[in-house]
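Since the model is a prediction, treat every value here as computed from it, not as a measurement. Note: hydrogens, waters and symmetry copies are ignored here, and every other heavy atom, side chains too, is used.
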Amino acid sequence: MFKFIFFIFLLKLVSCASTKLIAPDLEVIYTNKNKNVGGIVVYNPHGLSTLANARKSEAMTRMRTVCLPAAYEVTKEKMRRVSNVNKKYKGNPELFTGRMVKFLEYSCIY
C-alpha cells in the first residue's frame with residue numbers, strides 16, 4: 001500500500017514539474033496598450049503520454065488565463081532546443097528543462 005501511495009505522490013510531483021516552473025524565461029506575453037494580445041508558452045511533450053497531456057493542458061490553461069475574458073488561438077507550434085532560445089539553459093540546466101520542448105505561439109481573439 002505504501003508503494004502505491006508513494007507512486008501516486010511521485011506521479012503528481014512529476015506532472016506538476018512543468019517547463020514554466022523550471023525555465024520561466026522561455027515564456028512571453030505580448031501586450032498592446034496595456035492589453036494582453038498573445039504570447040508564447042512552453043511545455044515538455046516527452047515522457048509518459050499522461051504526463052505530457054497534463055503538461056499540455058497546463059500550457060493551454062496559461063494561454064486561457066492570459067487572454068481572459070477573450071478566447072485564444074494557437075498560431076504556431078514548434079519544437080526547439082531550449083539552449084538555442086536562451087543560452088543560460090545550455091549544459092546542466094538543459095537536463096531539467098528537456099533538450100527539446102514545444103513552443104506554442106498564440107494570439108488572443110477579441
Fill in the blank from the handout: Residues Cys67 and Tyr72: closest non-hydrogen pair is SG-CB, 3.7 Å

Problem - Same apolar cluster: Val74 and Tyr43, side chain cutoff 4.5 Å - result: yes

Handout entry: Donor-acceptor contact below 3.5 Å, side chain Thr65 vs main chain Thr61
Key = yes

Completion exercise
dist Leu104:CG -> Lys78:NZ (nearest 0.5 Å) comes out at 13.0 Å

Exercise for the section: Could you list all the salt bridge (Lys or Arg N to Asp or Glu O under 4.0 Å) pairs where at least one residue sits in residues 101-110, not counting sequence neighbours? Expected result: Glu77-Lys102

Handout entry: Min side-chain heavy-atom separation Lys76-Phe103 under 4.5 Å
Key = no

Exercise for the section: Establish whether Val66 and Ile109 are linked, either directly or via other cluster members, by ILVMFWY side-chain heavy-atom contacts under 4.5 Å. Expected result: no

Handout entry: Side chain proximity check, Asn32 to Lys35, heavy atoms < 4.5 angstrom
Key = no

Exercise for the section: Using the rule that two of Ile, Leu, Val, Met, Phe, Trp, Tyr join whenever any of their side-chain heavy atoms come within less than 4.5 Å, decide whether Val28 and Val42 are in one cluster. Expected result: yes

Completion exercise
Looking only at heavy atoms, the pair that brings Cys108 and Gly38 closest together is SG-N, 3.6 Å

Exercise for the section: Please tell me if the side chains of Tyr30 and Asn36 come closer than 4.5 Å, counting only heavy atoms from C-beta onward. Expected result: no

Exercise for the section: Apply side chain to side chain contact (heavy atoms under 4.5 Å, CB included) to Arg80 and Met100, showing your working. Expected result: CA-CA 5 Å; Arg80 296 187 68 191; Met100 297 288 284; 5.7 Å; no

Handout entry: Gap between atom NE2 of His46 and atom CZ of Arg55 - 0.5 Å precision
Key = 9.0 Å

Exercise for the section: Could you walk me through whether Tyr106 and Val41 pass the side chain to side chain contact (heavy atoms under 4.5 Å, CB included) test, one step at a time? Expected result: CA-CA 8 Å; Tyr106 65 97; Val41 296; 3.8 Å; yes

Fill in the blank from the handout: Of all heavy-atom pairs linking Ser107 and Thr75, the shortest is OG-CG2, 3.6 Å

Handout entry: Nearest-0.5 Å distance that lies between atom CE in Met60 and atom CG in Asn53
Key = 9.5 Å

